[in-house]
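Only a predicted model underlies this, so the values are computations on that prediction, with no experimental measurement involved. Throughout, a chain's letter reflects where its sequence line sits, starting with A, and its residues are numbered from 1.
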Protein chains: 2
Amino acid sequence: MPPEKKRMSISVKTRVRDAEATKLRILEAAKKEFSKNGLEGARVDAIALDAKANKRMLYHYFKSKDGLFRTVLEREYLNIRTEETKLDLENLPPRAALETLVRFTWEYYIRNPEFITLVNSENLCQAVHIKNSPTLRTVSQKFIRRIQALLDRGVRENVFREGIDAAQLNITIASINYYYFTNRFTGAVIFERDFTSPEALQERITFNIETICRLVCKN
Amino acid sequence: MPPEKKRMSISVKTRVRDAEATKLRILEAAKKEFSKNGLEGARVDAIALDAKANKRMLYHYFKSKDGLFRTVLEREYLNIRTEETKLDLENLPPRAALETLVRFTWEYYIRNPEFITLVNSENLCQAVHIKNSPTLRTVSQKFIRRIQALLDRGVRENVFREGIDAAQLNITIASINYYYFTNRFTGAVIFERDFTSPEALQERITFNIETICRLVCKN
DNA sequence: TGTGTAAGTAACTACATGGTGCATTAGGCG
DNA sequence: CGCCTAATGCACCATGTAGTTACTTACACA
């Protein structure tokens, strides 16, 4: 075998042994299983099976079930914050920027339903896994400062009301979108509607944008 | 023994065997355990122990772990709806009635933190336990109609905006209160605040009332 | 081409779990 | 008072669980 073919096999050819690929398969499978059944309900055997990996690998790379959960969760938080970063809030008029933010949050939850149940699991165990994550702290701070800057700009341009706290606003934006999805099953029983029909989704996002605009904007 | 003493023992004396009391102790213990650890995380042995009852009793009265969870959850839903019924929304000015409703929801979650985690568990398993509960359907319908009546009255009295849907409003009121509590642990990490300090609670309920009033009221 | 190391596998363990069979006992009722 | 039913208790089971031990195999580099 010529040496260049050997070299290629490192990066291009489908390798039989590929640590990174295996790790990723495990993480993807874990995300599915944890979000579907919760932290306690998730089965490591099921994760290993779905990842087409051996259970031993899972413990080799992530130490424990909780270690695996921690990694999954941190990746998910990083992912949403990264996507948020790409939002062009600074170059839009304040009101449009605000609406963009609300709509992004909404659509992110639709595209990533796992995120919500993972966060729920983490709160059930009182955030033990992320409590001491400096990375998470840093990206979160950045995000809040960005929203505060948007609020300040809106006030300067005389379109936003004064004295709104960025953290409170963030919590409210998250809540009206998050709650709708996480409680859609009990909601379907109580309100006797299909929460996921296109019409229902349309109605809700419209309502949510209205809610936030009336809260933040003048008039 | 005189017969009246025997009679008394049925209702007054501490009975060694008292089905209703045992049931109640099991239900209280189950509520604690299920809300603390989730449906999958809860241990029937722990429930029996805490209830000072035998595990056999638990299965005798509630058939299975899921049967017990169903009973606990239905009782909790009935409880919040019953308390809501006592709210004097009909005799207050519309705006005050709305504020009363928001404040009640907030305080109910503070007084009954278990409710939130129980509902989260139920949504994780896609509401299998309450899906076919006619009681729950009935009380929920009543509640929504009552809010719709309040909205209508507010419009007639020219203090509320037209065209607001009672279901959407209910979801929003629940969400801005519920989310704050259910996500207070991850929230503490992300926003670097104590979500449960008296000042934080005060700030949040004020913000939430403002949010709802600006959404519903004219001006 | 040979070799050390890291990737991968299968079988296993120790234990905890939800759930039961069966014997026992309290107490309301005739 | 004595009987019959419902409440209770104990010991047990089958199964599933997270985590591990001991081994094999691919492959990057010399």
Atom pair distance, as rounded to whole Å: [atom1] in [X] and [atom2] in [N]:
{"X": "N54(A)", "N": "dG19(D)", "atom1": "CG", "atom2": "P", "value": "15 Å"}
{"X": "E20(B)", "N": "dG28(C)", "atom1": "CD", "atom2": "P", "value": "14 Å"}
{"X": "K63(B)", "N": "dT20(C)", "atom1": "NZ", "atom2": "C1'", "value": "14 Å"}
{"X": "F62(A)", "N": "dA7(C)", "atom1": "CZ", "atom2": "P", "value": "12 Å"}
{"X": "M57(A)", "N": "dG19(D)", "atom1": "CE", "atom2": "P", "value": "16 Å"}
{"X": "H60(A)", "N": "dG8(C)", "atom1": "NE2", "atom2": "C1'", "value": "10 Å"}
{"X": "L68(B)", "N": "dG19(C)", "atom1": "CG", "atom2": "P", "value": "10 Å"}
{"X": "I26(B)", "N": "dA7(D)", "atom1": "CD1", "atom2": "P", "value": "11 Å"}

Under 4.0 Å: is that the gap between some side-chain N or O of T22(A) and OP1 or OP2 of dG8(C)?
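Indeed, a polar side-chain atom of T22(A) lies that close.
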
Between Y179(A), F181(A), F207(A), which is the residue that forms a ring-ring contact (aromatic ring centres under 6.0 Å, His included) with W106(A)?
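That would be F181(A).
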
Tell me the bend of the helix from dT1(C)-dA30(D) to dG30(C)-dC1(D) as the angle between end helix axes, each from five pairs, rounded to the nearest 10 degrees.
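Between the axes fitted at each end of the helix from dT1(C)-dA30(D) to dG30(C)-dC1(D) lies an angle of 10°.
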
Students often get this wrong, so: under 4.0 angstrom with heavy atoms, is Y61(B) touching a base, only sugar-phosphate, or nothing?
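If one applies the 4.0 Å heavy-atom cut-off, Y61(B) turns out to touch the sugar-phosphate alone, with no base involved.
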
Suppose we screen for ring-ring contact (aromatic ring centres under 6.0 Å, His included). Which residues come up paired with F191(B), at least two apart in sequence or across chains?
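Here no residue qualifies.
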
Under 6.0 Å from the CZ atom of R137(A), do we count more than 12 heavy atoms belonging to anything else shown?
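For R137(A), atom CZ is crowded (more than 12 foreign heavy atoms under 6.0 Å).
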
Tell whether R56(A) reaches the base of dT21(D) with its side chain through a donor-acceptor pair below 3.5 angstrom.
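Per atom types, the contact qualifies.
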
If you measure from the Lys or Arg side-chain nitrogens to the Asp or Glu carboxylate oxygens, is any gap between [X] and [Y] under 4.0 Å?
{"X": "R81(A)", "Y": "E84(A)", "answer": "yes"}
{"X": "R193(A)", "Y": "D165(B)", "answer": "yes"}
{"X": "K32(A)", "Y": "E114(A)", "answer": "no"}
{"X": "K23(A)", "Y": "E20(A)", "answer": "yes"}
{"X": "R43(A)", "Y": "E40(B)", "answer": "yes"}

Across nucleotides 13-18 of chain D, 5' to 3', mark each nucleotide with B, S or - according to how protein heavy atoms within less than 4.0 Å reach it.
----SB

Can you see whether T172(B) engages R204(A) through a side-chain donor-acceptor pair at a distance of less than 3.5 angstrom?
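Note: T172(B) and R204(A) side chains meet the donor-acceptor criterion.
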
